[in-house]
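Worksheet for the structure shown next.
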There are 2 protein chains.
Amino acid sequence: MEHPNKAEAHHTHDHAGAKNELTRNERLVHTVLEGADGPLGAYAILDAVREAGMRSPPQVYRALERLQQRGLAHRIERLNAFVACRRDECDGTATIFAICENCGCAREFADGTFDGFVTDWMRDNSFAMRLSRCELVGLCLACQPPS
Amino acid sequence: MEHPNKAEAHHTHDHAGAKNELTRNERLVHTVLEGADGPLGAYAILDAVREAGMRSPPQVYRALERLQQRGLAHRIERLNAFVACRRDECDGTATIFAICENCGCAREFADGTFDGFVTDWMRDNSFAMRLSRCELVGLCLACQPPS
DNA sequence: ACGCAAATGTTATAACGTAACAAAGTCGCC
DNA sequence: GGCGACTTTGTTACGTTATAACATTTGCGT
Ligand SMILES: [Zn+2]
Ligand SMILES: [Zn+2]
Ligand SMILES: [Zn+2]
Ligand SMILES: [Zn+2]
């Protein structure tokens, strides 16, 4: 049983500042994610940046990894896809997504009650948490059948 | 943007009852998961059941899908791996895992505070939830460096 | 110019998952 | 028993997602 994904959550500066420190490839990928209307798979991103000069999966995955470290992008585990973070204060350690099964939209938010639950649980159970991920799956308002 | 994973959460009977309704392949896969000391990837499961006669990935994935529907197994998104559920009342709609990055163990639990947060949020935001998944990532007690 | 570290580029391959179709088992019904 | 409908199983072949390993270039301090 071995493990991946040391990718997330280091720095805690604000997004505006972090965006000015991006390398060329990071900026390319981030721009694509910001312009997308929903989560994008790594290979969809690759297609979008190919003409700008990025041609192979490792280039995209590396950029994504660093964007996640800076809290500028998140991976949605359930979809194997990535989104740009639009919450300025977000450091990527406690994100929640509401994912629509019909249109594929993924709305990111944070919640104090959730944070409290997580904090309490890790204290009570001696678990040294590095980050938490919560994914709510269902239908967004626009996709629900008329009442 | 298209979507998968209609696999979860139908029936709500208890596990003991559900286990007696398993087909041959479902039972094989479930037995392997129950005997494992942590999450297993689909191909690891395949290796474990090969001598019993299951020889191809679709067979394993089909069994896993039906075990998940019955609440007898869960997929851990972050690990692309599967575990047997050990909570008798679990229907798979609101599971929480604490995942250790060092030893790979995944402890499943439920929590009333979390359920309340989820219920409130979906009411306040008109989101028709089908299921929720929460994955806490860090170090389990056994894997934490000595204080 | 030289040395070093970070970033980028490239190839090949590993790991995870599914579509599509064929064959065999199960069960009720005439 | 024979037939039809449905479920389960078996098999091939492929699609999608992710990473290992190594080469090259870039930026920068000395
Ligand atoms: Zn965020
Ligand atoms: Zn929707
Ligand atoms: Zn469970
Ligand atoms: Zn551990």
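A note on names: the letters A, B, ... follow the listed sequences, proteins ahead of strands, and every chain is numbered from 1.
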Practice task
Linking directly or through intermediates, with side-chain heavy atoms under 4.5 Å: list the remaining ILVMFWY members grouped with B:Leu141, chain and number order.
Solution key: none
Exercise for the section: Take the protein atom CG of B:Asn80 and the nucleotide atom P of D:dA18, then report the distance between them rounded to whole Å. Expected result: 8 Å
Exercise for the section: Report yes if a donor N or O on one partner sits less than 3.5 Å from an acceptor N or O on the other, where the partners are the side chain of A:Tyr43 and the base of D:dG15; otherwise report no. Expected result: no
Problem - Residues A:Glu135, A:Arg78: salt bridge by 4.0 Å N-O rule - result: no
Practice task
Produce a footprint string for nucleotides 6-11 of chain C: one letter per nucleotide, 5' end first; B if the base is under 4.0 Å from any protein heavy atom, S if only the sugar-phosphate is, - if neither.
Solution key: -SBBBB
Exercise for the section: Considering only NZ, NE, NH1 and NH2 on the basic side and carboxylate oxygens on the acidic side, decide whether A:Glu108 and A:Arg86 come within less than 4.0 Å. Expected result: no
Handout entry: Distance-only side-chain donor-acceptor flag, B:Thr93 / B:Arg130, under 3.5 Å
Key = no
Completion exercise
In whole angstroms, the gap separating C1' of D:dA20 from CD of A:Glu65 amounts to 13 Å
Fill in the blank from the handout: CG of A:Asn80 to CG of B:Asn80, rounded to nearest 0.5 Å, is 6.0 Å
Practice task
In whole angstrom, give the distance that lies between atom CG of B:Leu22 and atom C1' of D:dT9.
Solution key: 15 Å
Exercise for the section: Could you tell me the separation between the CG atom of A:Leu79 and the C1' atom of D:dA18, rounded to a whole number of Å? Expected result: 16 Å
Exercise for the section: Starting from the C-alpha separation in whole Å, work towards a yes-or-no answer on ring pair (Phe, Tyr, Trp, His ring centres under 6.0 Å) for A:Phe114 and B:Trp121. Expected result: CA-CA 10 Å; A:Phe114 175 75; B:Trp121 190 90; over 10 Å; no
Handout entry: A:Tyr61 side-chain N/O to D:dT19 phosphate OP1/OP2 under 4.0 Å
Key = no
